[in-house]
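Below you'll find the structure, written out as structure tokens, and then a few comments.
Letters A, B, ... are given to chains in the order of the sequence lines, protein chains preceding strands, and every chain is numbered from 1. Note that these values count all heavy atoms, side chains included, but never hydrogens, waters or copies made by symmetry.
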Amino acid sequence: MEYPFEQIERKWQKKWQEVNLWQAKMNPEKKKYYVLSMFPYSSGALHMGHVSNYSIADAITRYFLMKGYNVFQPMGYDSFGLPAENFAIQNNTHPQLATEDNIKTMRKQFDNVGFGLDWSNEISTSRPDYYKWNQWLFKRFYEKGLVIKKKAHFNWCTDCQTVLANEQVLEGNCWRCDEKVVLKEMEQWFLKITDYAEELLDFSNVSCWPERVITMQKNWIWKSEGSKIYFKLIDSDKKITVFTTRPDTIFGCTYLALPPEHPIVINWLKESNVDQKVKSFCEKTINSDSSLRTTDDFTKEGVFSGKYCINPVNGDKIPIWITNYVLVEYGTGAVMAVPAHDQRDFEFAKKHDLHIKIVIQNQERDLTVDKMKEAYLESGFLTHSDAFNDMDSISSMKAINSWMEEQGIGNKAVTYKLKDWGISRQRYWGTPIPIIHCNKCGSVLVPDEDLPVELPVDIEVGKTRQNPLLSAEEWLNVKCPKCRGNARRETDTMDTFVDSSWYYARFIDSHNKQKPFSKEKADYWLPVDQYIGGIEHACMHLMYARFIHKVLRDLNLLSSNEPFKRLLTQGMVIKDGAKMSKSKGNVVEPLYMIDRYGADTVRVFMLFASPPDKDVEWNDEGVMGAFRFLNRVWRLINNNVDIIKKNANNTVKESFDVLNDLRYSTHLTIKKVYEDIENRMHFNTAIASIMEHLNNVTAIKNVNLLTKQEQAVFAEACLVIPRLLYPFAPHIAEELWQLTGHKDLIHEAGVLQYRADFLKKDEITYVIQIKGKVRGKMTIPVDTTEDEIRRQALKVDNVEKYIQNKTVKKIVVVKNKLVSIVV
RNA sequence: GCGAAAGUGGUGAAAUGGCAGACACGCUGGAUUUAGGAUCCAGUGGGAGUAAUCCCGUGGGGGUUCAAGUCCCCCCUUUCGCACCA
């Protein structure tokens with residue numbers, strides 16, 4: 001007989017709703033705990049990955065609920081974006097309709113799993129009451145100088161027909177559709193995330209973020225400290241600025257290396273007398289696939305530009321080369337080449353027979369150009385460096401920097417790889433950028449009272465590949481807010497990462513019509529205490545959100561420095577060795593499983609299969625194991641309801657010694673489960689210890705023949721099970737709690753306290769090792785002295801055999817554990 | 001190439017430097033049952049032995065230690081991130 005999970009789950013889901021258990025109520029008297037899972041894209045279906053993610057979050061939520069915290073776990077939908085638009089195009093519908101339909105379906109699915117979610121604060125990013133505040137924030141950013149417009153070459157996905165941020169290009173392809181990304185010149189709106197680069201490198205205000213994510217973000221920002229140095233061109237007033245982290249080697253610079261994309265090179269190519277070799281090299285390099293530059297067999301090539309410049313520190317005339325190994329997008333896009341002390345420059349110089357000049361000598365001072373097989377990268381003493389000769393190279397950097405600054409030929413500088421965040425997307429299904437273009441006034445912000453700029457809905461999506469907003473005449477043509485003349489709306493929409501960069505803050509006050517959220521609420525609920533989601537967002541979403549949060553703080557909308565205090569990156573759900581996906585045909589539908597075994601079983605299986613940060617291997621037999629476990633719990637309690645009820649108030653006394661082992665098991669399990677949840681968030685071992693305890697309880701037979709005292713121990717052992725199980729299998733826990741005569745909801749009983757005195761043992765079993773191998777065991781009273789332990793250990797049967805005819809050199813006693821004898 | 005994490009039974013996995021394999025799946029045998037994807041009992045790393053017990057065993061090799069899956073060094077494999085960052 002299976003336990004009636006379906007009926008039980010409906011019942012308690014309804015009950016939790018009725019008492020508004022999950023609705024956020026701000027209460028400064030009470031400590032809050034804000035648990036957030038990355039909200040789903042409104043695809044119309046929850047998949048196993050979601051269920052896994054939300055089961056982890058719900059376990060944490062319910063644990064803190066039991067602890068008496070004011071918990072908050074909201075949910076909503078990331079509902080703007082290309083997939084909805086593409087779906088609408090294919091199915092000849094409107095993204096809005098499709099999205100709202102999907103949301104309805106998903107909500108039903110959510111309800112089936114029984115997560116403790118506050119739906120009164122549901123948000124959906126594609127609704128005007130949400131994206132209005134995207135626009136409002138855009139304006140505040142604009143007023144703060146954090147929005148700029150740039151015309152440049154951008155990553156353009158030919159399939160999605162839109163621009164992509166640097167982060168969204170993976171190995172030269174689009175992160176969504178995998179189509180090739182090309183460069184296209186256009187005008188784009190940017191958020192100046194680089195203004196916050198330095199602060200984004202500081203992780204001192206987060207705790208428990210995986211080191212991996214921190215490293216990835218630091219890597220992405222890539223800060224370098226060094227100098228900018230200006231090289232004047234010969235026969236021209238123009239200067240080329242280079243960035244270097246090694247100003248100590250400036251005297252050894254023997255050529256300049258530029259990429260063909262460098263603005264000055266582009267200008268040269270426009271000159272009438274361009275060398276054909278230079279021209280063809282530039283064209284070839286620019287057109288070559290940029291992802292080829294990262295392959296192993298990539299060779300450094302270049303061509304002499306025919307131009308020279310002056311090394312500002314010593315007046316040397318040095319040639320300028322155009323090369324394929326310098327990145328235009330990093331630093332100043334120009335490199336001072338020091339072949340003696342940079343491996344890349346060394347190789348290039350050798351190949352093209354360029355001058356190599358040693359300016360850092362090693363300790364032995366025996367470096368010579370002839371003997372050099374590779375560049376000398378270490379520190380040392382300066383040489384051929386005029387006034388700086390014999391200075392050690394490390395301290396010379398500071399001296400050279402300040403000297404260059406005095407001379408006006410260079411200065412100390414810091415650069416980041418991180419680029420400003422291009423947020424313009426040439427698509428329909430996103431937040432309209434609240435800008436009006438006027439021929440007279442330029443780009444004008446839409447006044448606050450006209451927000452939101454709503455997406456026109458009576459529009460045909462998908463007639464052409466281009467942005468449908470371009471043909472929405474009625475929407476497009478407006479009056480300029482400044483001069484009242486004819487003007488046009490901006491047709492670009494925002495990157496959907498803008499939506500998800502502050503949604504956690506809107507959740508706390510989602511109905512606010514005056515502001516994105518109230519500061520009072522923000523200061524109570526934020527930061528999010530525990531954020532849970534996939535590792536794939538390490539460099540995009542998680543960095544954008546940190547950036548936006550810091551700006552919100554500087555706009556005085558909230559006070560905290562970071563959006564997410566603790567972060568858990570959960571693993572993927574795997575089946576047959578691969579991530580579940582339709583194309584692989586290995587998808588398991590959560591709803592089907594919930595139908596068959598119940599939500600509690602599916603959750604327990606997910607959490608039991610592995611620690612949350614590791615991948616979960618889906619296994620049909622494993623699910624049945626979880627189901628059997630809950631059935632065993634169900635039977636145990638049901639079969640013994642009377643005894644449990646009768647003994648509910650019959651407290652277990654300290655001084656009696658029947659069923660000692662069971663009492664021990666009860667209290668050890670309480671200790672273990674809470675430690676596993678709180679200290680490590682290892683739900684798999686927490687559930688394992690509940691299973692172990694269940695095995696201990698069910699080993700007791702003939703319960704009716706037990707004495708009154710023994711029955712009290714037994715009843716206690718049974719009653720802790722639902723309470724320990726509540727974070728993982730809340731429905732069955734509530735039902736069993738009620739069944740055993742309790743009127744309140746189970747969390748109201750609070751967390752269990754284990755009794756340390758019940759975990760003390762009178763006797764301890766010592767393991768006896770000889771030369772590191774276990775040779776025997778002995779059980780002796782706890783208070784035996786060390787000398788006595790030694791004496792007795794030597795007398796154990798099997799042990800004696802091993803120490804005969806040998807001298808005992810040393811006996812190590814580890815209290816309460818083992819004795820190690822060295823012979 | 002650089003960096004990080006990981007490598008343990010047939011499987012998912014456990015093990016503050018202290019009895020390797022908890023817990024679960026699967027499998028084997030048994031009980032009960034008209035039947036079982038039900039329940040209960042026993043067994044389950046490999047090898048030797050009737051048994052007590054012994055030998056081997058956490059990717060490979062060395063080392064530290066009374067004691068190493070765990071700490072240190074070298075190597076191999078896998079996964080992830082970065083990849084001409086001047």
Side-chain angles (χ1 to χ4, degrees), chain A residues 1-2 171 210-213 215-224 226 242-246 249 253 257 291 293-296 298 300 323-327 329-338 341-345 347-348 415-418 535-536 538-539 574 596-597 604-605 608-611 613-629 631-632 635 672 679 682 684-695 698 701 765-777 797-798 801 809-823:
Chain A
M1 264 275 280
E2 292 172 355
E171 288 169 11
E211 207 48 50
R212 206 151 73 105
V213 176
T215 310
M216 281 165 76
Q217 290 203 0
K218 284 184 176 168
N219 246 321
W220 189 262
I221 297 168
W222 199 292
K223 175 183 181 178
S224 334
V242 304
F243 173 76
T244 180
T245 53
R246 294 291 303 275
T249 65
C253 170
S291 63
R293 291 194 184 188
T294 61
T295 54
D296 287 341
F298 173 76
K300 293 176 181 54
T323 69
N324 64 350
Y325 74 93
V326 174
L327 303 170
E329 63 269 19
Y330 182 74
T332 58
V335 166
M336 66 172 217
V338 186
H341 306 292
D342 181 285
Q343 188 57 26
R344 294 156 300 189
D345 300 340
E347 284 165 23
F348 191 82
T415 65
Y416 303 91
K417 191 181 78 170
L418 180 73
I535 184 81
E536 66 272 20
C539 280
I574 301 287
R596 176 64 192 85
Y597 299 107
V604 166
F605 167 72
F608 178 65
S610 61
D613 53 339
K614 277 215 206 166
D615 290 349
V616 179
E617 174 88 28
W618 183 268
N619 174 318
D620 287 344
E621 277 81 36
V623 182
M624 271 156 51
F627 187 53
R628 275 202 291 267
F629 164 59
N631 272 296
R632 289 180 69 205
R635 281 198 305 272
K672 178 94 169 72
N679 301 345
H682 277 203
N684 57 333
T685 49
I687 293 169
S689 18
I690 302 174
M691 289 174 168
E692 212 173 339
H693 177 62
L694 176 70
N695 291 342
T698 50
K701 304 294 174 198
T765 300
Y766 277 83
V767 167
I768 301 160
Q769 295 183 341
I770 296 162
K771 293 208 305 197
K773 292 210 157 107
V774 180
R775 297 300 182 188
K777 284 178 189 183
D797 274 359
N798 205 35
K801 192 162 92 188
K809 286 187 199 148
K810 193 170 153 191
I811 302 176
V812 181
V813 177
V814 181
K815 199 83 188 126
N816 298 340
K817 278 226 175 85
L818 61 74
V819 181
S820 187
I821 302 170
V822 191
V823 292

Could you tell me which residues satisfy salt bridge (Lys or Arg N to Asp or Glu O under 4.0 Å) with A:D345, sequence neighbours excluded, listed by chain and number?
->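 Partners of A:D345 by the salt bridge (Lys or Arg N to Asp or Glu O under 4.0 Å) criterion come out as none, since no residue qualifies.
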Candidate nucleotides B:C23, B:A67, B:A86, ranked by approach to the side chain of A:F608 - the nearest |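 The nucleotide sitting nearest to the side chain is B:C23.
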Supply the atom-to-atom distance [X] [atom1] to [Y] [atom2], rounded to the nearest 0.5 angstrom.
| X | Y | atom1 | atom2 | result |
| --- | --- | --- | --- | --- |
| A:H693 | A:T698 | NE2 | OG1 | 9.5 Å |
| A:I574 | A:K614 | CD1 | NZ | 12.5 Å |
| A:I687 | A:F608 | CD1 | CZ | 7.5 Å |

Flag yes if more than 12 heavy atoms outside A:K771 fall under 6.0 Å of its NZ atom; otherwise flag no.
->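 Open: at most 12 neighbouring heavy atoms sit under 6.0 Å from NZ of A:K771.
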If you take atom types as modelled and just measure distance, does the side chain of A:K809 reach the base of B:C66 with a donor-acceptor pair under 3.5 Å?
->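 Per atom types, no contact qualifies.
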Taking atom [atom2] of [N] as reference, at what distance in whole Å does atom [atom1] of [X] sit?
| X | N | atom1 | atom2 | answer |
| --- | --- | --- | --- | --- |
| A:K672 | B:U16 | NZ | C1' | 12 Å |
| A:E692 | B:A13 | CD | C1' | 14 Å |
| A:D615 | B:G7 | CG | C1' | 15 Å |
| A:I768 | B:A67 | CD1 | P | 18 Å |
| A:E211 | B:A4 | CD | P | 11 Å |
| A:D620 | B:C25 | CG | P | 14 Å |
| A:F605 | B:U11 | CZ | C1' | 11 Å |

Close N or O pairs between protein and nucleotides 78-82 of chain B (under 3.5 Å):
from	atom 1	to	atom 2	distance (Å)
B:C80	O2'	A:R212	NH1	3.4

Report the residues that fulfil side chain to side chain donor-acceptor pair (under 3.5 Å) with [X], sequence neighbours left out, ordered by chain and then residue number.
| X | answer |
| --- | --- |
| A:Q217 | A:R546 |
| A:E329 | none |
| A:R775 | A:Y802 |
| A:N219 | none |

Roughly how far apart, to the nearest Å, are [N] and [M] at atom [atom1]?
| N | M | atom1 | result |
| --- | --- | --- | --- |
| B:G18 | B:A24 | P | 24 Å |
| B:U64 | B:U28 | P | 47 Å |
| B:A5 | B:C73 | P | 12 Å |
| B:A20 | B:G46 | C1' | 14 Å |
| B:G69 | B:G60 | P | 11 Å |
| B:G59 | B:A52 | C1' | 35 Å |
| B:A6 | B:G26 | P | 30 Å |
| B:G3 | B:U58 | C1' | 26 Å |

Please work out if [X] contacts a base, only the sugar-phosphate, or nothing of the nucleic acid, heavy-atom cut-off 4.0 Å.
| X | answer |
| --- | --- |
| A:N684 | sugar-phosphate |
| A:E621 | sugar-phosphate |
| A:G625 | sugar-phosphate |
| A:T215 | nothing |

[X] side chain N/O closer than 4.0 Å to the phosphate oxygens (OP1, OP2) of [N]?
| X | N | value |
| --- | --- | --- |
| A:K300 | B:A86 | no |
| A:S689 | B:A22 | no |
| A:Y325 | B:A86 | no |
| A:K810 | B:C66 | yes |

Hey, which sits more toward the 5' end of RNA chain B by its nearest nucleotide, A:K777 or A:I770?
->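 Final value for this comparison: A:K777.
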5' priority, RNA chain B, between A:P611 and A:N619 [closest heavy atom] |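 Between the two, 5'-proximity favours A:P611.
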Members of residues 813-823 of chain A that approach RNA chain B, where some heavy atom sits under 4.0 Å away |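 RNA chain B contact set from residues 813-823 of chain A: A:V814, A:K817, A:L818, A:S820, A:V822.
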Is there a side-chain contact between [X] and [Y] in this structure, where contact means two heavy atoms from C-beta onward sitting under 4.5 Å apart?
| X | Y | result |
| --- | --- | --- |
| A:E2 | A:Y597 | no |
| A:V338 | A:R246 | no |
| A:L418 | A:W220 | yes |
| A:Q769 | A:L818 | yes |
| A:I690 | A:F629 | yes |
| A:N798 | A:K777 | no |
| A:M336 | A:T249 | yes |
| A:W618 | A:F605 | yes |

Geometric class of the A:F348/A:Y325 ring pair [parallel <30°, tilted 30-60°, perpendicular >60°] |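 Answer is tilted, since the angle falls between 30° and 60°.
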Begin with the C-alpha distance, continue with both residues' side-chain angles, and end with the deciding distance and a verdict on side chain to side chain contact (heavy atoms under 4.5 Å, CB included) for A:R632 and A:N695.
-> CA-CA 9 Å; A:R632 289 180 69 205; A:N695 291 342; 2.9 Å; yes
At their closest point, which heavy atom of A:V604 faces which heavy atom of A:A626, and how far apart are they?
->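 Nearest pair, atom of A:V604 first, then A:A626: CG1-CB, 4.0 Å.
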Contacts under 3.5 Å, N or O only, protein and nucleotides 27-34 of chain B:
none

Please tabulate, one pair per line, each protein N/O and nucleotide N/O from nucleotides 50-54 of chain B that are separated by under 3.5 Å, including the distance.
from	atom 1	to	atom 2	distance (Å)
B:C54	OP1	A:R775	NH1	3.2
B:C54	OP1	A:N798	ND2	3.2
B:C54	OP1	A:Y802	OH	2.8

How does RNA chain B look in dot-bracket notation if pairs are Watson-Crick or G-U with both distances under 3.5 Å, crossing ones as [ ], other-strand ones as |?
-> (((((((..(((.....[....)))((((((.......))))))((((....))))..(((((..]....))))))))))))....
Tell me the side-chain hydrogen bond (donor to acceptor under 3.5 Å, both in side chains) pairs involving residues 809-823 of chain A, sequence neighbours left out?
->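 Found none.
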List the protein contact pattern of nucleotides 36-43 of chain B with one symbol per nucleotide (5' to 3'): B for base contact, S for sugar-phosphate-only contact, - for none; contact means a heavy-atom distance under 4.0 Å.
-> -BSSS---
